[in-house]
2 protein chains.
Amino acid sequence: MTTTENPVRNGVDTATLFATLDAVKQDPELAKFQFRATNRWISGTHNRSTIEGFYGAKQEMAHHQSFTFDADHPAVLVGADNAPTPVEYVLHALAACLTSGLANIAAARGVHLSEVESTVEGDINLLGILGLSDGVRNGYQGIRASFKLRGDDPEKLRKVMTQSIERSAVFDILTNSTLVTVEVDAG
Amino acid sequence: MTTTENPVRNGVDTATLFATLDAVKQDPELAKFQFRATNRWISGTHNRSTIEGFYGAKQEMAHHQSFTFDADHPAVLVGADNAPTPVEYVLHALAACLTSGLANIAAARGVHLSEVESTVEGDINLLGILGLSDGVRNGYQGIRASFKLRGDDPEKLRKVMTQSIERSAVFDILTNSTLVTVEVDAG
């Protein structure tokens, strides 16, 4: 048995990361995942999602615990401000996806990271969702992310950032279109 | 002063909702919003976002409280499973956005809602983000939402669902493309 001197880098278990890559190369069926959220309306714009089970690696799986997240509108948008708006969760998802990617890719390349901070801003014109202008889209008109990276030399860090964008699920979801179907059981 | 008999419907303050619509019609600048999230890397794929301030109605605003949300990968994806994955937050955002819209639109139309439940599923093939196939996208290959609506007659409920999809910010963000720019400060 061979051991590596420091298999954990940036908090990433690189030995397991490479073993996972090898396993998926051998059996691409392991790569097919399905994620899920269930949601229940509470009142007005306030509702709650639960995230627990998912499918992956050819089996039903579950997180170690069930996670719940509320969403609401602030008072200025006629809500009770019990939680962030749905569109703010999208910004969190983008920041989180790029940050996870940075840590994994840096670890895989032997690049040391000491600090990652980011701010993500999205501009939205509510004339769209309020139905007051057909020329204004409902979603964000643009999103800007600013990352501060510290650790190894800047050139290495910038290359890791580029690769994280290149391989980010949420970046792809936002910058490209996805087919979304909605079924309704109205009884 | 005139009062309406039941200005709160489905938990939505319809008087304020219509007053907000009128105010925005008078001054479209009120409709320009900017939402934000900041994120800090913790270790490995674990990181934490904070959501607090936003811009809207021609002023800087803030939620009543600061909200924090973690993201992580499950063990099967080489994480510590401290929180849902970024892509699961996207599903929560879609369910929450469509549900908020249902409540608002139903209230505006005088449609009674008693129950809204939904499940959102997204299929993703990790050959994309793992860099093992250039032919596989990084993001969801498709998303399916199933809504159960109870309250007024089914035909009215289905029309409210259609309008909620038509005016959903997150549905638009997922089904259409958005420009995302990333700035890097690597020091």
Side-chain angles (χ1 to χ4, degrees), chain A residues 11-12 17 31 33 35-39 41 43-45 47 49 51 64 71 78 81 84 86-93 95-97 99-100 116 118-119 121 124 126-127 129 138-139 142-143 145-149 154 157-158 161 167 169-170 172-174 178-180 182-186, chain B residues 11-12 17 31 33 35-39 41 43-45 47 49 51 64 71 78 81 84 86-93 95-97 99-100 116 118-119 121 124 126-127 129 138-139 142-143 145-149 154 157-158 161 167 169-170 172-174 178-180 182-186:
Chain A
V12 175
L17 181 61
F33 275 64
F35 291 108
R36 301 165 194 144
T38 58
N39 183 283
W41 175 52
S43 179
T45 52
N47 55 78
S49 290
I51 294 170
H64 287 144
V78 202
D81 205 14
V87 290
E88 288 171 296
Y89 278 104
V90 171
L91 304 181
H92 157 55
C97 193
T99 301
S100 298
V116 181
S118 60
T119 299
E121 303 173 337
I124 191 165
L126 301 186
L127 294 179
I129 65 170
N138 297 320
I143 294 174
S146 304
F147 276 80
K148 176 186 173 189
L149 307 183
L157 295 176
R158 276 192 287 270
M161 183 84 241
R167 289 297 172 202
V170 177
D172 174 27
I173 288 168
L174 299 184
T178 302
L179 180 67
V180 179
V182 182
E183 285 178 13
V184 188
D185 162 16
Chain B
V12 175
L17 181 61
F33 274 64
F35 291 107
R36 301 166 194 143
T38 60
N39 183 283
W41 175 52
S43 179
T45 52
N47 56 78
S49 291
I51 294 170
H64 287 145
V78 202
D81 205 14
V87 290
E88 288 171 297
Y89 279 104
V90 171
L91 304 181
H92 158 54
C97 193
T99 300
S100 298
V116 180
S118 61
T119 299
E121 303 173 337
I124 192 165
L126 302 186
L127 293 179
I129 65 172
N138 298 319
I143 295 174
S146 304
F147 276 79
K148 176 186 173 188
L149 307 182
L157 295 175
R158 276 193 287 269
M161 184 82 241
R167 289 297 171 201
V170 178
D172 174 28
I173 289 167
L174 299 183
T178 302
L179 180 66
V180 180
V182 183
E183 286 178 13
V184 188
D185 163 15

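Naming convention: chains lettered A, B, ... in sequence-line order (proteins, then strands); numbering from 1 in each chain.
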Tell me, out of [options], who's got the most heavy-atom pairs with chain A below 4.5 Å.
options: His64(B), Met161(B), Arg158(B); value: His64(B)
options: Ser118(B), Ala93(B), Ala71(B), Gly11(B); value: Ser118(B)
options: Ser43(B), Ala96(B), Cys97(B), Gly142(B); value: Ala96(B)
options: Val87(B), Leu157(B), Ile124(B); value: Ile124(B)
options: Arg36(B), Glu88(B), Lys148(B); value: Glu88(B)

Kindly compute the distance separating [atom1] ([X]) from [atom2] ([Y]), expressed to the nearest 0.5 Å.
X: Thr38(B); Y: Leu91(A); atom1: OG1; atom2: CG; result: 11.0 Å
X: Phe33(B); Y: Leu126(A); atom1: CZ; atom2: CG; result: 5.0 Å
X: Leu174(B); Y: Leu179(A); atom1: CG; atom2: CG; result: 11.0 Å

- For the residue pair Ile173(A) and Gly139(B), what are the closest heavy atoms and their distance? CG1-CA, 3.8 Å
- Item | Atom group of Asn47(B) that falls short of 4.5 Å from chain A, counting heavy atoms | side chain
- Item | Structural part of Ile129(B) lying under 4.5 Å from a heavy atom of chain A | both
- Query: Side chains of Val12(A) and Thr45(B): closer than 4.5 Å at any heavy-atom pair?
  - Reply: no
- Item | Student check: side-chain heavy atoms of Asp185(B) and Ser146(A) closer than 4.5 Å | no
- With distance as the sole test, does Asn138(A) use its side chain to make a donor-acceptor pair with the main-chain N or O of Asp172(B) at under 3.5 Å? no
- Side chain, backbone, both or neither of Ile51(A) within contact of chain B (heavy atoms, under 4.5 Å): side chain
- Do you know which of Val90(A), Asn39(A), Leu17(A), Leu149(A) has the most heavy-atom pairs under 4.5 Å to chain B? Asn39(A)
- Query: Which word best sums up how the rings of Tyr89(A) and His92(B) line up, parallel for under 30°, tilted for 30 to 60°, or perpendicular for over 60°?
  - Reply: perpendicular
